[in-house]
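Sequence lines set the chain letters: A, B, ... in the order given, protein chains first and strands last, and positions in each chain run from 1. The basis for the numbers below is simple: all heavy atoms, side chains too, and nothing from hydrogens, waters or symmetry mates.
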Amino acid sequence: MQAQSVMASDLVSRLGGVLNGSDISVHRCASLANAEHDCISFAVGQKYRKAALESGAGALIVRERDISLAEGKTAIVVADDPLVYFARVLGILHPAPPAAAGIHPAASVSPEARLHPSVSIAANVVIEPGVVVDAGCAIGAGSYIGRNAHISAGCVIHQRVTVCSDSRIGERCVLHPGAVIGSDGFGNAWAGDHWEKIPQIGRVIIGNDVEIGANTTIDRGALDDTVIADNVRIDNLVQIAHNVSIGRHTAIAGCVGIAGSTHIGAGCLIGGGCGISGHLQITDRVTLLGGTVVLTDILSSGVYGSGLPAIEQSTWRRNTVHWRNLDEMAKRVRSLEKTSNTMREAGSNKK
Amino acid sequence: MQAQSVMASDLVSRLGGVLNGSDISVHRCASLANAEHDCISFAVGQKYRKAALESGAGALIVRERDISLAEGKTAIVVADDPLVYFARVLGILHPAPPAAAGIHPAASVSPEARLHPSVSIAANVVIEPGVVVDAGCAIGAGSYIGRNAHISAGCVIHQRVTVCSDSRIGERCVLHPGAVIGSDGFGNAWAGDHWEKIPQIGRVIIGNDVEIGANTTIDRGALDDTVIADNVRIDNLVQIAHNVSIGRHTAIAGCVGIAGSTHIGAGCLIGGGCGISGHLQITDRVTLLGGTVVLTDILSSGVYGSGLPAIEQSTWRRNTVHWRNLDEMAKRVRSLEKTSNTMREAGSNKK
Amino acid sequence: MQAQSVMASDLVSRLGGVLNGSDISVHRCASLANAEHDCISFAVGQKYRKAALESGAGALIVRERDISLAEGKTAIVVADDPLVYFARVLGILHPAPPAAAGIHPAASVSPEARLHPSVSIAANVVIEPGVVVDAGCAIGAGSYIGRNAHISAGCVIHQRVTVCSDSRIGERCVLHPGAVIGSDGFGNAWAGDHWEKIPQIGRVIIGNDVEIGANTTIDRGALDDTVIADNVRIDNLVQIAHNVSIGRHTAIAGCVGIAGSTHIGAGCLIGGGCGISGHLQITDRVTLLGGTVVLTDILSSGVYGSGLPAIEQSTWRRNTVHWRNLDEMAKRVRSLEKTSNTMREAGSNKK
């Protein structure tokens, strides 16, 4: 992306913090390893000491207590939270190219849709009747917005996203390519000799400032709605089934599956590849380590895991046999304990 | 979706069952919790007693034996299977909006394709030469139908679906947004110093009344075909590799992966997040609990699991260490048993 | 796909190997089970003896040492590696239909993009300013190529692929339908009371001869790049997070997730459904069995697993309880060992 250029002192006047050393012009954000003199980078904690000292960055963002990491740098920006500060510098130096307002001639927009004049609609976008798109939204090439969906102000919908009928997307959401919002939930009734589809008439309701990853799928509710609260962050290839609700600020890494009607609290961190069964309650501030399988409610905040770490094949093979026979091993331990107790008692009796 | 309105007595004359109480007009299907007086809902089993009695639903569908759940409701519909009955009421009160027959001007349809006059082809659909689309099909915006594919009567192909060349889709199938049918299988031959692609020339053959979820992928066969039998139900983000076959009525929840050449029987229920290795045989009526890994054939019907439940981090950490050393623990138990036997024998000898 | 027709002797003159028996014309590649007399098939190893002898194939490719498998076949092609040989025969007999050079009138190609005259651009493709597409590339219907992306010579980009801005795709790569290359990495900074997006300004750099499966997602780097080396093979529904690097010839099966900043070596084989944590180092020539969870570095080449095999539900239920209590069981074994030692010593003292 095209970089701008800015003085370090300008950053401090816009974002706060304190400038030590000399003022310089920075053109680019960069990692410590790849920063050159016209770059700004950041470092948090002494484990980055070596990388920071060796970095070619002209400007470095550090905490007060980490100031020694910035030794020798031309411009030193002292901030409370260098990562958050750096994220904002990125937004200044590397803004997303603005999407041109207007409707691309190759888009198909229903005359019964209501689009704010400031919106940007790319080629091959399809917008159905009853859709509302509020101010400042950009909808990327090939995306589809179904009947009566509402896209609130400031959303960025990237390429080839599907937003199905009746979905509501809050303000400033970002939907990445290939995401599908509001597809039918997996509702099937067994009618004696075949499955019958249970029509899915709920909606997907997404709050403000939510980000949804590439090729992630969020199903509409069966009767009631699937609800994603404000500021939830969802990575790529995540499946969220019908009638799930997810609380504010919860972040969900890639390849997670959440089955139907499960409620996840606020401030949770769900690691990559976790699987969560249906109809469960996960309370607030639960962290799940990567690869965790959740089969029952989690009612206390805390950190949970279940994934087994990789081990060398021959050990793995033997251990999986023991896993199959774990109940038998437990019985053998119990039996040993009985024998041991009997013998100890026998021993005591002899005394 | 737009709701119709219908008398409870009309439902009974169309769908069977018996109407108790008074006849009323119902406008909407709803969950017990959110039903108002113009709504119809359903309840099965005494665990829904409280919710049913507190529900504002004007009409309730129950089994004969659950009739007490409907106490106080205006209209009581007694049916053998309330869920199936309710699914059908949903179809009556909340029909999918009919897709207009005809070909959208922004679609690209090959003159060498054969489309029944009743089909509905949305904007940006691409249909290649040799394709056949039978009566009553609707193909959603941005979908692609490859060379010589055959879409049988009554299919609903939602938005941005890819049906690759030579695929055959049976009657009344539903394909959700982003699904990919007939992409190349993962076939690679190691040629001493590099991978060479093994061209994939099989097809995907899908039976009647199959539903395939959003962003699910089903690969074409390498030489022979990948086969999905009638009335199979597949959820979102499922991967089905080349030459897999899946028997009738099997239902597969989200995030499942099935590796190449595995054969899954009829009437199976595959829970979310399961992974099934390649070249396996899974017999009929096998249920896999969520998160199960299948590495060997399953030749007896029944319920199987392997997912470990989440536990608190510190316990998890200790237990994973024991997991690494499970073989050693087994040896120690064996050694204790030997010692114990020797001592018991020694004890007996003394007597 | 349309098959050509070729003499067995022609195959040998083009691909090497030795022809035994009579020369015949072959029209089609087929599996042993479904081959007819005009077909060519292959067999490697005595476990295919019965299938090979019963096969109706007119021509069979075998190794010298497996020549007895071809008894009775009209044409016998002896080759060092029958699978590689067969892969090449597939390319000859079943070539992909050539994409017509030229730009479909329903494509939207920026005048500021640079396309080689030989490229084929299908309907509804969108190509942004600054894109370069080199000789012989085919871009399938509905695909999107973002600003300044570079597609090198000979690539096949199938339908509905998204290649985001600044991505570089090497020569002869194949991208399957629905793949997303270069979407934003999952970068969030906690700003005290809400998540703030960390703009992602790295790129995705893909080498030559790489294949990427349907609906797979590869995120752009945060600051530096995400890098996929030459001849890597990636199956469907794989998630590769920001700043991952993957070494040459590594093959990754379906449903794998690789978290941010992990480096995977060359020549690795990653089985289906594996999950690999972030910031790890996996050395060269590591094989991960299907369903393996990797939570720590793997610094020695070899084969690793962690997936537990499916077991019958009642045993599974008991074993998961033991899993929860594994630490307690370990303590009980230790306690038994102590008692046992004490008693043995007591026994010795008596002597």
[X] versus chain C, heavy atoms under 4.5 Å apart: side chain, backbone, both or neither?
{"X": "D193(B)", "answer": "backbone"}
{"X": "V163(B)", "answer": "neither"}
{"X": "L223(B)", "answer": "side chain"}
{"X": "A310(B)", "answer": "backbone"}
{"X": "L326(B)", "answer": "side chain"}
{"X": "A179(B)", "answer": "backbone"}
{"X": "A191(B)", "answer": "both"}
{"X": "L295(B)", "answer": "side chain"}
{"X": "C164(B)", "answer": "side chain"}
{"X": "T216(B)", "answer": "backbone"}
{"X": "S108(B)", "answer": "side chain"}

Quiz prompt | Neighbours of chain B found in residues 315-323 of chain C - heavy atoms under 4.5 Å | solution = W316(C), T320(C), W323(C)
Give me the atom names and distance for the closest heavy-atom approach of [X] to [Y].
{"X": "A251(C)", "Y": "F186(B)", "result": "CB-CZ, 4.5 Å"}
{"X": "A214(C)", "Y": "V180(B)", "result": "CB-CG1, 4.0 Å"}
{"X": "L90(C)", "Y": "P199(B)", "result": "CD1-O, 3.5 Å"}
{"X": "N124(C)", "Y": "N124(B)", "result": "ND2-O, 3.0 Å"}
{"X": "G178(B)", "Y": "N215(C)", "result": "O-ND2, 3.1 Å"}
{"X": "T162(B)", "Y": "R160(C)", "result": "OG1-NE, 2.7 Å"}

Is it the side chain or the backbone of [X] that comes within 4.5 Å of chain B heavy atoms, both, or neither?
{"X": "R334(C)", "answer": "both"}
{"X": "E312(C)", "answer": "both"}
{"X": "H249(C)", "answer": "both"}
{"X": "L289(C)", "answer": "neither"}
{"X": "D81(C)", "answer": "side chain"}
{"X": "L336(C)", "answer": "both"}

Exercise. Show your reasoning for whether side-chain hydrogen bond (donor to acceptor under 3.5 Å, both in side chains) applies to S31(C) and D224(B).
Key: CA-CA 7 Å; S31(C) 63; D224(B) 301 330; 2.7 Å; yes
Practice problem: Apply side chain to side chain contact (heavy atoms under 4.5 Å, CB included) to D219(B) and D235(C), showing your working. | Solution: CA-CA 10 Å; D219(B) 279 348; D235(C) 197 0; 4.1 Å; yes
